[in-house]
Protein chains: 2
Amino acid sequence: MREMDFSRCPILGNLGNERVGKLLAGAKFSVETFEKGDMVAMQGSPCKHLYILLSGSVKTEMTAENGGLMTIENIPAVRPLASAFLFAEQNTFPVDVTALETCKILMIPRDEVIKMFQKDGLFLENYIKFNSNKAQFLSRRLQVLNIKTIKGKLAHYILESMDNVRSADPKAASFTMDKNQTELAKFFGVTRPALARCIAELEDEGTIELERKVVKVKNLQALRNLLG
Amino acid sequence: MREMDFSRCPILGNLGNERVGKLLAGAKFSVETFEKGDMVAMQGSPCKHLYILLSGSVKTEMTAENGGLMTIENIPAVRPLASAFLFAEQNTFPVDVTALETCKILMIPRDEVIKMFQKDGLFLENYIKFNSNKAQFLSRRLQVLNIKTIKGKLAHYILESMDNVRSADPKAASFTMDKNQTELAKFFGVTRPALARCIAELEDEGTIELERKVVKVKNLQALRNLLG
DNA sequence: TCAGTAGTGTAACAAATAATACACATTTAT
DNA sequence: ATAAATGTGTATTATTTGTTACACTACTGA
């Protein structure tokens, strides 16, 4: 217990480590270690525990039935994994979860989680809120995936990233991508050369400039036009 | 209250109408009526109440930023609407909700819902479980949308429908679609002529036969091959 | 019965993307 | 420093899908 720090955990952080300690004191749980590249969970396998990533980071990937990959998320510690699915009727992992580095994961059985809800109302509130946000995230992914053209997806991705940057620096016109081109192609569910071509086209049109992971927006309005 | 029957509601049904009556007795709520075609909620508008569809049915549609529609679900009474988003940080409707016929909708403010959680543990459990299922649903939609080809989507849709039919009649080889061709095209997020062409191709190949909404599967293995 | 509306089959052409291949740059590990 | 692995730019061809248009059928209400 001593080595666990929950302060940055979205469903346990605001309780404080002491209160979390009490909450876990009477509960059954285990901590497992995974090395880089290990599968933490497989798409379709049953999800009977609440997983809390204590240290390290993981990657979640959804495999389409035709074999094509689509990266969903990279998740750094401290965060719950698949919390939204723990109580579903068909409670299976919707994604493959792979360790990106050495990871420690706290695993709490379903029934214990229910007891913890009863013990601490704030934990319950956090859990519901976190799952609500999770549903929002999935819903947004649906919207993005529904954008048909690669240029459209790219424009949406850039504009969204710009908004995040601008809330810190309102007059910023560039940002650094969190993914390389290959990862971005997976994220969009398209081939890498097709993405490269679209980037080249946007550069030729003078809409953006791209150097490594740094994107400069030269013509914001042109980007917006690609959406509607 | 008298005219409300919750017995088929997934989050209130197993409480019994009497217990639900008690639960609502001290609570603030309202009941609104919508006529066919009325917008119940717009994509992006704030979601501050738990909506429970008491009678009638609604359609939920997600609008892509490029304007293309993608039908998500037709929802019959009695069911909660957008319950998964009520407690999200950015608690906005992810879809447009339109009445398909005259609807009565029970609206309970967020804070009242929290009080109801505290009053009745079973209601809370139901709510969490329902939202878990909701997340599963969204996750599945993501998987389907991630299938790239129309033939693949179609094969997936047919195989899934067949599985549902077969659990009733294991040797069945045909089923009736719940959507017409135009609706199916929207559901897949593709154009109607493109879908018609794919159907014609599958018929030419001798994989299926389609007459109105009745699908006969002639070659199950060929369908499966379209997925992987 | 008839007109109007919605749904379907089909075709020709344009646009977007996948598939594949290869050269070159950059990073990483030894 | 160097080899190996990873990431990027680009081109060609084949598929798939969108776009648009039109004829035809089935249903619906007056």
Side-chain angles (χ1 to χ4, degrees), chain A residues 36-37 59 64-71 74 100-101 144-157 176-205 207-215 225-228, chain B residues 36-37 59 64 66-71 100-101 144-157 176-205 207-215 225-228:
Chain A
K36 177 174 179 172
K59 170 181 68 173
E65 308 209 24
N66 59 17
L69 279 180
M70 181 181 60
T71 300
N74 290 337
L100 289 173
E101 53 192 304
V144 173
L145 213 63
N146 196 30
I147 298 176
K148 285 293 148 38
T149 64
I150 299 182
K151 272 192 188 181
K153 287 174 206 271
L154 195 53
H156 181 275
Y157 172 77
T176 303
M177 295 195 292
D178 57 346
K179 298 174 177 63
N180 64 31
Q181 210 181 85
T182 307
E183 290 169 333
L184 197 59
K186 267 202 213 173
F187 181 69
F188 290 157
V190 302
T191 58
R192 205 264 316 157
L195 175 59
R197 179 176 351 128
C198 287
I199 291 174
E201 283 171 15
L202 284 182
E203 285 185 319
D204 289 348
E205 293 162 12
T207 307
I208 62 170
E209 274 178 22
L210 200 149
E211 175 81 24
R212 308 291 186 103
K213 290 185 177 177
V214 178
V215 181
N225 290 343
L226 288 174
L227 296 180
Chain B
K36 177 175 179 172
K59 169 181 70 173
N66 60 17
L69 280 181
M70 181 182 61
T71 301
L100 288 172
E101 53 192 304
V144 174
L145 214 61
N146 194 31
I147 297 176
K148 285 292 147 37
T149 63
I150 299 181
K151 274 192 186 178
K153 287 174 206 271
L154 195 53
H156 181 274
Y157 172 77
T176 303
M177 296 195 291
D178 57 347
K179 299 174 177 63
N180 65 30
Q181 209 180 88
T182 307
E183 290 169 333
L184 197 58
K186 266 202 214 174
F187 181 69
F188 290 158
V190 303
T191 58
R192 203 266 314 158
L195 175 60
R197 180 175 32 204
C198 286
I199 290 174
E201 282 171 14
L202 284 183
E203 284 185 320
D204 289 348
E205 293 162 13
T207 307
I208 62 170
E209 274 178 23
L210 201 149
E211 176 81 25
R212 306 296 187 98
K213 289 186 178 178
V214 178
V215 181
N225 291 342
L226 288 174
L227 297 180

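All chains are named by letter (A, B, ...) in the order of the sequence lines, taking the proteins before the strands, and each is independently numbered beginning at 1.
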Taking the side chain as every heavy atom from C-beta outward, state whether A:Leu202 and A:Leu210 have any atom pair closer than 4.5 Å. no
Please examine the side chains of A:Leu226 and A:Thr149, heavy atoms only from C-beta on, and report whether any two atoms are closer than 4.5 Å.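 Result no, sub-4.5 Å side-chain heavy-atom pair not found.
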Taking N and O atoms by type only, does the side chain of A:Arg192 place a donor or acceptor under 3.5 Å from a partner on the base of D:dG9?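 Such a pair is found, so the answer is yes.
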Base C:dG7 paired with B:Arg212 side chain (donor-acceptor, <3.5 Å): no
Run the salt bridge (Lys or Arg N to Asp or Glu O under 4.0 Å) test on A:Lys151 and A:Glu205 for me, step by step, so that the C-alpha distance in whole Å, both residues' side-chain angles and the decisive distance to 0.1 Å come before the verdict. CA-CA 12 Å; A:Lys151 272 192 188 181; A:Glu205 293 162 12; 2.8 Å; yes
D:dG9 OP1/OP2 closer than 4.0 Å to side-chain N/O of A:Gln181: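 Checking A:Gln181 against D:dG9: at least one side-chain N or O falls below 4.0 Å of OP1 or OP2.
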Looking at A:Thr182, I'd like to know whether one of its side-chain N or O atoms comes within less than 4.0 Å of OP1 or OP2 on D:dT8. yes
Base, sugar-phosphate, or nothing for A:Ile199, non-hydrogen atoms under 4.0 angstrom?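 Since no nucleic acid heavy atom lies under 4.0 Å of A:Ile199, the category is nothing.
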Side chain of [X] - closest among [options]:
| X | options | answer |
| --- | --- | --- |
| B:Pro193 | C:dT8, D:dA21, D:dT17 | D:dA21 |
| B:Ala194 | D:dG9, D:dT20, D:dT17 | D:dT17 |
| B:Thr191 | D:dT19, C:dT17, D:dT8 | D:dT19 |
| B:Ala200 | C:dT8, C:dT10, C:dA21 | C:dT10 |

Over how many whole Å does the gap from [X] atom [atom1] to [N] atom [atom2] extend?
| X | N | atom1 | atom2 | result |
| --- | --- | --- | --- | --- |
| A:Ile147 | D:dT17 | CD1 | P | 19 Å |
| B:Lys151 | C:dT17 | NZ | C1' | 17 Å |
| B:Arg197 | D:dT15 | CZ | P | 14 Å |
| A:Leu202 | D:dT8 | CG | C1' | 17 Å |
| A:Lys179 | D:dT6 | NZ | P | 20 Å |

Check for a donor-acceptor pair, side chain of A:Gln181 on one end and backbone N or O of A:Leu195 on the other, with a separation under 3.5 Å.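 Absent.
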